[in-house]
Asks: 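Take this structure, written in structure tokens, and hold onto it; I'll ask about it next.
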Amino acid sequence: MIRWGLCCRFLDAPIKYRSATHRYVATLTRAARRDYLAAIAAHNAAALVDSVRHCHALGIGAFRINSQFLPLGTHPVSGYTLDRLDRDGAIRRTFLEAGRIARETDVRLSFHPDQFVVLNSEREAVVESSLGELEFQAAIAELIGADVIVLHGGGAAGGIGAALARLAQAVDRLSDRARARLALENDDRLFTPEDLLPLCERLGLPLVYDVHHHRCKGDGLAVAEATARAAATWRGREPHFHISSPREGWRGGDPRPHADYVEPADLPREWRTMDITVDVEAKAKERAVLALMQSLAGRRHKRAG
DNA sequence: GCATGTCAAGTTGTG
DNA sequence: CACAACTTGACATGC
């Protein structure tokens with residue numbers, strides 16, 4: 001049975017996440033800045049509660065949290081700790097509430113830091129800020145019970161081998177809290193499943209297998225092989241995969257940009273009978289998740305009848 | 001109200 | 001060498 005996942009936001013439901021820019025908050029006084037960022041954090045925490053509830057109501061079993069969930073949290077100037085923002089503990093309580101509801105309704109939560117988090121950069125300052133961001137997200141993940149923080153391999157300077165070695169070194173610098181949640185994902189330009197699997201297997205890191213990326217940047221592995229080996233890296237935990245379809249089709253121009261919806265034919269056959277989480281990366285958001293769910297249910301129904 | 005220009009961060013590949 | 005692509009909106013501001 002597939003647990004379907006929604007990425008970051010809703011198209012139809014009136015649930016919105018707020019964000020902030022450093023340029024603006026820098027114009028505020030210290031106190032005003034704290035109030036402003038605290039209001040956003042409180043708003044987003046409440047939005048997470050709503051998101052979990054609404055996913056559950058729709059039959060969606062997983063939700064990916066936006067990387068700007070607590071905006072500017074690790075910014076060198078505007079950054080903050082949750083404790084400093086959350087004087088009376090109300091935000092923390094809302095996080096715990098979101099976590100409780102997620103647990104009770106069995107909605108799996110995950111994080112996916114954006115492209116600025118590069119654990120294997122050749123620049124130590126970049127590695128440090130990346131570690132800081134992962135620790136920041138891991139602390140929230142712990143509060144709300146999110147078990148996965150998905151990260152790409154990063155840059156490939158010096159070749160894939162050297163880059164993977166740097167990646168392993170950086171992973172070793174993470175706290176247990178962050179490391180226990182970290183998972184790697186194959187991307188569509190640099191790191192294939194075949195590149196990442198040996199590292200994942202050696203370090204005990206799960207691989208989030210993105211089959212669309214794999215089809216854009218292939219390797220020696222067939223989809224079925226990559227699926228099986230990626231699933232094994234989860235070591236008994238429910239595997240977490242990604243699906244999407246190319247905006248302009250597979251034979252058009254660049255296959256990488258995501259389409260509004262997912263073509264059911266793009267879902268690997270072997271996934272359909274597995275107990276896995278599959279995040280649907282599609283512009284039409286919950287509409288796309290529901291459409292895919294219904295399409296597969298209809299197909300199964302037809303075949304059975 | 002609505003349109004507009006802008007937004008912390010890295011890396012790669014193209015023009 | 002400069003810039004777009006990742007993602008794509010949400011923000012404050014100015015009309």
Side-chain angles (χ1 to χ4, degrees), chain A residues 5-29 32-33 35-41 43-44 47 51 64-80 110-137 150-160 162-164 166-167 170 184-192 195 210 212-213 216-217 242 244-248 252-260 279-288:
Chain A
L6 171 68
C7 298
C8 304
R9 60 199 172 84
F10 294 85
L11 198 59
D12 294 319
I15 300 171
K16 298 292 176 199
Y17 287 87
R18 297 185 60 192
S19 65
T21 64
H22 167 66
R23 179 174 294 240
Y24 174 67
V25 302
T27 67
L28 304 175
T29 66
R33 179 170 24 181
D35 290 348
Y36 177 84
L37 291 169
I40 289 177
H43 173 97
N44 288 353
S51 299
R64 180 190 301 177
I65 294 167
N66 191 307
S67 56
Q68 298 299 304
F69 185 53
L70 291 185
L72 304 174
T74 62
H75 186 279
V77 176
S78 300
Y80 50 83
S110 66
F111 284 85
H112 199 344
D114 59 29
Q115 65 266 33
F116 308 109
V117 175
V118 183
L119 275 185
N120 67 357
S121 173
E122 291 188 299
R123 296 155 59 195
E124 170 59 18
V126 173
V127 178
E128 266 178 35
S129 62
S130 298
L131 291 167
E133 179 67 27
L134 287 174
E135 295 294 343
F136 188 81
Q137 296 200 11
V150 186
L151 199 63
H152 289 291
I160 293 290
L164 289 173
R166 290 196 304 275
L167 182 57
L184 299 179
E185 178 192 351
N186 62 300
D187 64 76
D188 53 15
R189 309 165 74 95
L190 299 170
F191 294 94
T192 66
D195 294 327
D210 187 315
H212 182 213
H213 290 162
C216 293
K217 167 93 173 141
H242 292 173
S244 46
S245 288
R247 188 172 65 203
E248 297 164 38
D254 188 346
R256 291 174 302 180
H258 292 170
D260 291 349
D279 276 357
V280 174
E281 298 183 325
K283 310 261 182 205
K285 296 297 157 189
E286 78 270 34
R287 279 188 216 173

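Every chain is numbered from 1, with letters handed out A, B, ... down the list of sequences. Keep in mind the model is a prediction, meaning the values are calculated, not measured. Reckoned from all heavy atoms, side chains included, excluding hydrogens, waters and symmetry mates.
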Asks: Between P on dA5(C) and CG on Asp254(A), what's the gap in Å once rounded to a whole number?
Replies: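 Rounded to the whole Å, the gap is 11 Å.
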
Asks: Do any side-chain nitrogens or oxygens of Lys285(A) fall under 4.0 Å of OP1 or OP2 in dT8(C)?
Replies: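 For dT8(C), OP1 or OP2 has a side-chain N or O of Lys285(A) closer than 4.0 Å.
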
Asks: Base, sugar-phosphate, or nothing for Ala20(A), non-hydrogen atoms under 4.0 angstrom?
Replies: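 Nothing, no heavy atom under 4.0 Å.
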
Asks: Toward the 5' end of DNA chain C, which comes first, Ala282(A) or Tyr36(A), by nearest nucleotide?
Replies: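 Going by which nucleotide is closer to the 5' end, it is Ala282(A).
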
Asks: Going by purine N1 to pyrimidine N3 plus the second Watson-Crick contact, or the G-U wobble pair, all under 3.5 Å, which nucleotide sits opposite dA9(B)?
Replies: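 In the structure as shown, dA9(B) has no Watson-Crick or wobble partner.
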
Asks: Measuring from the side chain of Phe116(A) (C-beta onward, heavy atoms only), which nucleotide among dT13(C), dA9(B), dT12(B) has the closest atom?
Replies: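 The answer is dA9(B).
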
Asks: Arg256(A) near the nucleic acid: base, sugar-phosphate alone, or nothing, with a heavy-atom cut-off under 4.0 Å?
Replies: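 Counting heavy atoms under 4.0 Å across all strands, no contact is made by Arg256(A).
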
Asks: Determine the contact category for Pro71(A): base if any of its heavy atoms lies under 4.0 Å from a base atom, sugar-phosphate if only primed atoms, P, OP1 or OP2 are that close, otherwise nothing.
Replies: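 Nothing, no heavy atom under 4.0 Å.
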
Asks: Which listed nucleotide (dT7(C), dC6(C), dG9(C)) is nearest to the side chain of His258(A)?
Replies: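 Of dT7(C), dC6(C), dG9(C), dT7(C) is nearest to the side chain of His258(A).
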
Asks: Go ahead and name the base partner of dT7(C); Watson-Crick or wobble counts if both distances stay under 3.5 Å, otherwise write none.
Replies: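 Result: none.
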
Asks: Would you indicate what Thr74(A) reaches in the nucleic acid, counting non-hydrogen atoms under 4.0 angstrom: base, sugar-phosphate, or nothing?
Replies: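 It contacts base atoms.
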
Asks: What's the CG-P distance between Leu28(A) and dC11(C), to the nearest Å?
Replies: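 Atom CG in Leu28(A) sits about 14 Å away from atom P in dC11(C).
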
Asks: If you check every side-chain atom of Arg9(A), which of dC6(C), dG9(C), dT12(B) has the closest atom?
Replies: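 The answer is dG9(C).
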
Asks: With no hydrogens and no angle check, is any side-chain donor or acceptor of Ser130(A) less than 3.5 Å from a backbone partner on Val118(A)?
Replies: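 It does hold such a pair.
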
Asks: Atom CG of Leu151(A) and atom C1' of dC6(C): how far apart are they, to the nearest Å?
Replies: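 From Leu151(A) CG to dC6(C) C1': 14 Å.
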
Asks: So which nucleotide from dT7(C), dC11(C), dG9(C) ends up closest to the side chain of Arg18(A)?
Replies: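 Selected nucleotide: dC11(C).
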
Asks: Using the side-chain heavy atoms of Ser121(A), tell me which of these nucleotides is nearest: dA12(C), dC6(C), dT11(B).
Replies: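 Output: dT11(B).
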
Asks: How far does the P atom of dT8(C) sit from the matching atom of dG5(B), given to the nearest Å?
Replies: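 Pairwise P distance, dT8(C) against dG5(B), rounds to 23 Å.
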
Asks: Determine yes or no for a side-chain-to-main-chain donor-acceptor pair under 3.5 angstrom, with Glu286(A) supplying the side chain and Leu11(A) the backbone.
Replies: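 Checking the backbone N and O of Leu11(A) against the side chain of Glu286(A), a donor-acceptor pair under 3.5 Å is found.
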
Asks: How is Ser19(A) classified with respect to the nucleic acid when contacts are heavy atoms under 4.0 Å: base, sugar-phosphate, or nothing?
Replies: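 The residue Ser19(A) makes sugar-phosphate contact but no base contact.
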
Asks: Distance-only, no hydrogens or angles: does the Asn186(A) side chain make a donor-acceptor pair with backbone N or O of Phe191(A) under 3.5 Å?
Replies: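 Checked: no pair found.
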
Asks: Looking only at atom P, what distance separates dG13(B) and dT7(C), rounded to whole Å?
Replies: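 Looking at atom P only, dG13(B) and dT7(C) are 16 Å apart.
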
Asks: Which one is paired to dA3(B), where only Watson-Crick or G-U wobble pairs with both distances under 3.5 angstrom count?
Replies: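 Its partner is dT13(C) (Watson-Crick or G-U wobble, both distances under 3.5 Å).
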
Asks: Of all the choices, dT11(B), dT13(C), dA9(B), which nucleotide is nearest to the side chain of Glu133(A) once you look at every atom?
Replies: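 In terms of side-chain proximity for Glu133(A), the closest of dT11(B), dT13(C), dA9(B) is dA9(B).
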
Asks: Specify whether His213(A) and His152(A) have parallel, tilted or perpendicular ring planes, treating 30° as the upper limit for parallel and 60° as the lower limit for perpendicular.
Replies: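 Because their plane-to-plane angle lies in the 30° to 60° range, the rings of His213(A) and His152(A) count as tilted.
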
Asks: Which of the following nucleotides, dT13(C), dT12(B), dT8(C), is nearest to the side chain of Lys283(A)?
Replies: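 Ranking dT13(C), dT12(B), dT8(C) by closest atom to the Lys283(A) side chain puts dT8(C) first.
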
Asks: How many whole angstroms separate atom NE2 of His112(A) from atom P of dT8(C)?
Replies: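 These atoms are roughly 11 Å apart.
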
Asks: Using atom CZ of Phe10(A) as one end and atom C1' of dA10(C) as the other, report the distance to the nearest whole Å.
Replies: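 Distance, rounded to whole Å: 18 Å.
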
Asks: Are Leu151(A) and Leu119(A) close enough, and set up right, to give a side chain to side chain contact (heavy atoms under 4.5 Å, CB included), and what steps lead you there?
Replies: CA-CA 9 Å; Leu151(A) 199 63; Leu119(A) 275 185; 3.6 Å; yes

Asks: Of the options dT11(B), dA12(C), dT7(C), whose atoms approach the side-chain atoms of Gln115(A) most closely?
Replies: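 That would be dT7(C).
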
Asks: Measure CD1/Ile160(A) against C1'/dT12(B) and give the value in whole Å, please.
Replies: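 Spelled out: CD1 on Ile160(A) to C1' on dT12(B) is 12 Å.
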
Asks: So which atom in Leu37(A) and which in Ser78(A) form the shortest heavy-atom distance, rounded to 0.1 Å?
Replies: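 Closest approach of Leu37(A) to Ser78(A), heavy atoms only: CD1-O, 4.0 Å.
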
Asks: Roughly, in whole Å, what's the span from CG in Asn66(A) to C1' in dG9(C)?
Replies: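 Distance check: Asn66(A) CG to dG9(C) C1' gives 9 Å.
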
Asks: Among dC7(B), dA9(B), dG10(B), which nucleotide has an atom closest to any side-chain atom of Arg23(A)?
Replies: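 Selected nucleotide (nearest to the side chain): dC7(B).
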
Asks: Grab the CD-C1' distance between Glu185(A) and dT7(C) for me, whole Å please.
Replies: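 Answer to the nearest Å: 14 Å.
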
Asks: Base, sugar-phosphate or nothing for Leu72(A)? Non-hydrogen atoms, less than 4.0 Å.
Replies: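 Base: the residue Leu72(A), judged by heavy atoms under 4.0 Å, touches a nucleobase.
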
Asks: Please give the distance between the P atoms of dT6(B) and dC3(C) as a whole number of Å.
Replies: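 It comes out at 14 Å once rounded to the nearest Å.
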
Asks: From dT8(C), dT12(B), dC7(B), pick the nucleotide closest to the side chain of Thr21(A)?
Replies: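 Nearest to the side-chain atoms of Thr21(A), counting from C-beta on, is dC7(B).
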
Asks: So Phe111(A) and Phe69(A), would you call those rings parallel, tilted or perpendicular, with 30° and 60° as cut-offs?
Replies: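 Aromatic pair Phe111(A)/Phe69(A) classed perpendicular.
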
